[in-house]
Amino acid sequence: MSNELRSKKQYGALALLPLVIFLVLYIGVGLFFTIMGSEDAFDKLPRYVAIFIGIAIAWLCYDIKTPFTKKVKVFTENAGNSGIVQLGLILLLAGAFSTAAGEMGGKDAMVNMGLSVIPASLIIPGIFIISGFAALTLGTSTGAQAAFIPVGVSVAQAADLNVAAAGAAVIAGAYFGDNLSIISDTTIAATNGVGAKMKDKFRMNFLIALPAAIITFIIYAVVGGTGNIKGDLSFNFLDVLPYLFVLVAAVFGLDVILVLMIGIVMTGIIGIAEGKLDFFQWTSALGKGMESMFPIFLVAFLVSGLVALIRYYGGIDWVIKTMKSKARNRKSAEYVISFMAGILSASLVHNVLAIIISAPIAKEIGQEYKVPPKRMASLLDIFAASALMLLPHDSGMLMVEQYGKVSYLEVLQYSFYPLVLMICAIITIQFGLLRKKENK
């Protein structure tokens, strides 16, 4: 935003008040109803309503003499910028692909394919890997958890293994795969937010997440115990082809929009050819998938506009100045970016929203201290995800408690991956690893 689009009066920290009010309202009301034992506690005051209250305050309580229409224009020009529109397009296609692939049997086939190759002595670490593969190809940690937590818990119960460990393994695997997936909403938000290429962010994340995943696999192999897998695990290899295509094509750098479009067409061709879907069932699934992504896009739209207003009033400049006082070199800049994403993610219980809010700040800090966009996107994604994995009210943790009849603390003691992942990331920051020679 150019200087002429700044408010004449710069409010500094006070400009952040609309964002603080949004956070306090959304989190405060949610926690209150959680303590009261209400179901869907965080839906009592939906995040969209809480965000819009912050937007209304930004419109009405600052620059009183400035025409209201001018402040609305600041909001709309930034809420609807090309980056947000591209984000929305990718999200719609990702939702359509995931739902259509699930409707034609791809999700079940993929789960069965993974379980059919797990040795009895490696059921818990195998659950971790297959959950990771599911999230990698589905592009969503929540979707992978919803699909695999009941299966993982049932497998552990049938094999007389620790249910809490199985649940923790599913959660860990889901975030591991989501962290690497190019169709994940967190990847989309992080790369678009800082201007990174998806394939570059994937490679950066891979070099950090893979060692963490290997260490976690070994730990689960030691503590997971030995069991056996029962039941029908048959699957049709054709059903997993759309997922495999999306994964391979994206890794080789094909444009994500084109990848998703081809993947969507494949779900229709295979599903109709196998008689699992007719044409209109397929199109209906596409529509449902697109609709499922509207909430994320709406949050991105509203938050982008709110952040623009905060910037207009001088809030982002104040944050950047404050953060820069902590970031004196590239190392400290990477620490600031990382912990900012983690703290926001834990506060919001929403890693995508945390990335959307922190990405503009991270981008300016990164530009100042020569942190490449792929590095910024990777750190944002890693620390935002790691924070969620340790929360008692994250959706994955709640599903494990529900299906496995175990407590949060029982699951937490097997939640190795988020800690190992953060340690691996911190090591790369502290010792300047994964930098090109010219950037060292």
Side-chain angles (χ1 to χ4, degrees), residues 30-31 33-35 37-44 46-47 95 98-99 102 107-108 110-112 114-115 123-159 161-179 181 184-186 216 220 224 231 289 292-293 295-296 345-346 348-354 384-418 421:
L31 290 177
F33 282 104
T34 299
I35 294 171
S38 299
E39 294 184 2
D40 301 321
F42 280 84
D43 291 333
K44 301 295 184 183
R47 63 174 64 93
S98 295
T99 303
K107 185 185 297 184
D108 293 337
M110 185 183 59
V111 170
N112 285 352
L115 287 176
I123 291 179
I124 299 298
I127 288 173
F128 166 68
I129 294 300
I130 301 308
S131 175
F133 180 72
L136 178 67
T137 51
L138 290 171
T140 165
S141 57
T142 303
Q145 289 168 352
F148 208 69
I149 282 175
V151 177
V153 167
S154 298
V155 168
Q157 290 171 334
L161 293 172
N162 189 300
V163 172
V170 175
I171 294 173
Y175 279 104
F176 166 56
D178 181 71
N179 195 233
S181 175
S184 165
D185 47 10
T186 55
T216 303
Y220 280 138
S292 71
M293 289 298 183
I296 297 173
S345 184
L348 294 167
V349 200
H350 199 289
N351 53 347
V352 181
L353 187 54
S386 297
L388 278 191
M389 282 184 268
L390 300 172
L391 294 181
H393 46 288
D394 182 47
S395 59
M397 191 70 73
L398 294 174
M399 280 189 282
V400 172
E401 292 177 22
Q402 176 184 344
Y403 286 106
K405 307 302 179 186
V406 291
S407 71
Y408 163 68
L409 293 178
E410 288 177 298
V411 182
L412 186 64
Q413 65 180 318
Y414 291 97
S415 299
F416 308 113
Y417 180 66
L421 179 62

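None of these values were measured; they are calculated from a predicted model.
- Rounding to the nearest 0.5 Å places CG of Asn162 at 7.5 Å from CD of Gln413.
- Counting all heavy atoms, side chain and backbone alike, Tyr220 lies closest to Tyr414 at OH-O, 2.7 Å.
- Closest non-hydrogen pair, Gly404 versus Val153, comes out as CA-CG1, 3.8 Å.
- Interatomic distance, Leu390 CG to Ser345 OG, rounded to the nearest 0.5 Å: 10.0 Å.
- Here the CG-CD distance, from Leu409 to Glu401, works out to 9.0 Å after rounding to the nearest 0.5 Å.
- Note that CG of Leu136 and CG of Asn179 are 10.5 Å apart. Values are rounded to the nearest 0.5 Å.
- Under the 3.5 Å distance criterion, the side-chain polar atoms of Ser181 are left unmatched by any main-chain donor or acceptor of Gly177.
- Lys405 NZ to Gln157 CD: the interatomic distance, rounded to the nearest 0.5 Å, is 9.5 Å.
- A side-chain donor from one of Thr186 and Asp178 sits under 3.5 Å from a side-chain acceptor of the other.
- Between the CD1 atom of Ile171 and the CG atom of Leu388 there is a distance of 10.5 Å, given to the nearest 0.5 Å.
- For the pair Ala165 and Ile124, the tightest heavy-atom approach, listed with the atom from each and the gap, is O-CG2, 4.1 Å.
- The main-chain N or O of Ala174 is found under 3.5 Å from a side-chain atom of Ser131 such that the two form a donor-acceptor pair.
- Closest heavy-atom contact between Gly396 and Gln145: CA-OE1, 3.2 Å.
- Side chains of Lys44 and Ser38 form a contact here, defined as non-hydrogen atoms less than 4.5 Å apart.
- Closest approach of Gly152 and Ala166 over heavy atoms only: O-CB, 3.8 Å.
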(request) Evaluate ring pair (Phe, Tyr, Trp, His ring centres under 6.0 Å) for Tyr417 paired with Tyr175, printing each intermediate quantity in order. (result) CA-CA 9 Å; Tyr417 180 66; Tyr175 279 104; 8.8 Å; no

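- Just one residue in the list Ile123, Val170, Thr216 forms a side-chain contact (heavy atoms from CB on, under 4.5 Å) with Phe128, and that residue is Thr216.
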